[in-house]
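Everything on this sheet refers to the single structure shown next.
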Amino acid sequence: MGGFKDKVVFITGASSGIGAGLAKEFADRGASLVLTARRADRLQSLSEELKAGGGKALAVACDVTKDGDQEAAVEAALAEFGRIDVAVANAGFGVGGTVDSLGLEDFRRQFETNVYGVLRTFYATIEQLKKNRGTLVLMGSVSGHLSGPTTGPYAMSKYAVRAFAEALHGELEPSGVRTVLISPGFVESEIRKVDRKGKVHPDAKDAAPPWLVMSTKKAARQMVDGIEAGNRELVITAHGKLAVFLNNHFRPLISLAMRKSYKGRKKGR
Ligand SMILES: NC(=O)c1ccc[n+]([C@@H]2O[C@H](COP(=O)([O-])OP(=O)(O)OC[C@H]3O[C@@H](n4cnc5c(N)ncnc54)[C@H](OP(=O)(O)O)[C@@H]3O)[C@@H](O)[C@H]2O)c1
């Protein structure tokens with residue numbers, strides 16, 4: 001498949017999970033990759049893997065919470081490849097817990113990465129995207145469609161990403177830039193091993209029921225298929241689609257189910 005031949009794809013959060021999966025999928029379809037995240041060693045080995053497979057890749061260490069990091073990464077990308085056609089604002093993590101067990105700092109930390117990090121990707125890449133009539137991909141979540149007990153900060157951040165996507169659809173259309181919002185359900189990655197401070201616990205158990213978790217490869221294939229097909233919004237995984245549908249059409253029922261399940265969990269503690 002060569003749907004992205006001669007295209008340059010810039011990805012944040014490419015050192016693991018969905019970001020790394022997307023990098024491999026885009027590379028398989030002919031794209032050159034700009035891989036960014038904080039863990040430079042991981043980016044380097046992914047870059048070498050892509051190059052060994054005949055692809056082109058550049059690894060650039062970058063923290064989406066730091067002003068200027070993504071601009072520097074874009075400069076490095078332009079020096080290497082001369083252009084950016086697709087920017088994927090994917091870096092993110094989850095702060096969970098009841099609101100009264102958390103403080104303002106927890107919400108700030110969540111928004112600094114999941115919301116302001118996405119805005120920084122927008123501002124760093126938009127000039128290139130306009131120049132090349134490119135595509136901006138925003139990684140939302142099913143949690144950007146429904147919120148319930150203990151998911152407050154994460155869901156708030158992903159609702160914000162969805163609102164951002166909806167504003168951009170119309171604003172960017174005249175310049176030929178397409179915005180794609182991706183809302184995944186459970187996908188295999190490290191996200192459920194990262195604590196609310198952003199620290200990874202490699203030996204932690206994935207709390208999602210294994211039968212509901214889609215493989216990274218399958219999810220990445222469906223995402224890039226949707227981007228290539230020109231979609232503006234993608235909900236990934238069957239349970240994700242069902243949850244969004246039920247929430248849109250039967251919100252009181254979903255709300256009741258979430259409240260009951262939370263009460264049950266509290267009692268079981
Ligand atoms: N997997 C799921 O079930 C699921 C479902 C819905 C939505 N999502 C969304 O998918 C996106 C990717 O998550 P994932 O599931 O693939 O989790 P993951 O395996 O933990 O990957 C998260 C990525 O984000 C990067 N990142 C985190 N903080 C960063 C920062 N400050 N600066 C730069 N990079 C940062 C991490 O790299 P470094 O630590 O190396 O910086 C890593 O590459 C997130 O936006 C997440 O909310 C995931």
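Here, residue 1 is the first one in the sequence, and each next residue gets the next number. Remember, it's 1-based here, ligands and their atoms both numbered in the order they're listed. Since we're looking at a predicted model, the values are computed, not measured.
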The single option from Val180, Leu22, Ile11 that satisfies side-chain contact (heavy atoms from CB on, under 4.5 Å) with Met139 is Leu22

[X] neighbourhood, listing ligand 1 atoms whose heavy-atom distance to it stays under 4.0 Å:
| X | result |
| --- | --- |
| Cys62 | 32 (N), 33 (C) |
| Phe186 | 3 (O) |
| Gly185 | 2 (C), 3 (O), 4 (C), 5 (C), 6 (C) |
| Ser16 | 18 (P), 19 (O), 20 (O), 21 (O), 42 (C), 43 (O) |
| Tyr154 | 6 (C), 7 (C), 8 (N), 9 (C), 46 (C), 47 (O) |
| Gly17 | 16 (O), 19 (O) |

Proximity to ligand 1 by part of [X], non-hydrogen separation under 4.0 Å:
| X | result |
| --- | --- |
| Ser183 | neither |
| Arg192 | side chain |
| Glu188 | neither |

Does [X] come within less than 4.0 Å of ligand 1, judged by its heavy atoms?
| X | result |
| --- | --- |
| Asp63 | yes |
| Gly117 | no |
| Gly140 | yes |

Taking [atom] as the reference point, the nearest protein heavy atom with its distance:
| atom | result |
| --- | --- |
| atom 37 (O) of ligand 1 | Ser15 OG, 2.9 Å |
| atom 44 (C) of ligand 1 | Asn90 O, 3.2 Å |
| atom 26 (N) of ligand 1 | Ala91 CB, 3.8 Å |
| atom 20 (O) of ligand 1 | Ile191 N, 3.4 Å |
| atom 6 (C) of ligand 1 | Pro184 O, 3.2 Å |
| atom 32 (N) of ligand 1 | Val64 N, 2.9 Å |
| atom 22 (C) of ligand 1 | Gly92 O, 3.6 Å |
| atom 15 (O) of ligand 1 | Ser189 OG, 2.6 Å |

Does the distance from a Lys or Arg side-chain N to an Asp or Glu carboxylate O, for [X] and [Y], drop under 4.0 Å?
| X | Y | answer |
| --- | --- | --- |
| Asp85 | Arg83 | yes |
| Glu25 | Arg29 | yes |
| Arg120 | Asp67 | yes |
| Arg39 | Asp63 | no |
| Arg42 | Glu190 | yes |

Establish, for the pair Arg162 and Tyr159, whether the NZ or CZ atom is under 6.0 angstrom from the six-membered ring centre and no further than 45 degrees off its axis. yes

Would you say the side-chain atoms of Thr216 and Glu188 include a donor-acceptor pair closer than 3.5 Å? yes

Does the side chain of Gln110 come under 3.5 Å of the side chain of Asp106 through a donor N or O and an acceptor N or O? no

So, is [X] polar-close to ligand 1, with some N/O to N/O distance under 3.5 Å?
| X | value |
| --- | --- |
| Ile18 | yes |
| Val187 | yes |
| Thr65 | no |
| Arg38 | yes |

Compare every heavy atom of [Y] with every heavy atom of [X], then report the nearest pair and how far apart it is.
| X | Y | result |
| --- | --- | --- |
| Leu58 | Ala76 | CD2-O, 3.6 Å |
| Ala208 | Val213 | CB-CG2, 3.7 Å |
| His169 | Arg232 | CE1-O, 3.6 Å |
| Thr113 | Gly92 | CG2-CA, 3.9 Å |

Closest candidate by heavy atom, reference atom 9 (C) of ligand 1, pool Lys66, Met214, Met139, Arg42: Met139

Within the structure provided, determine whether Val34 and Val60 are in side-chain contact (heavy-atom separation under 4.5 Å). yes

Taking the six-membered ring for Trp and the full ring for Phe, Tyr or His, determine whether the centres of Phe93 and Tyr154 are under 6.0 Å apart. no

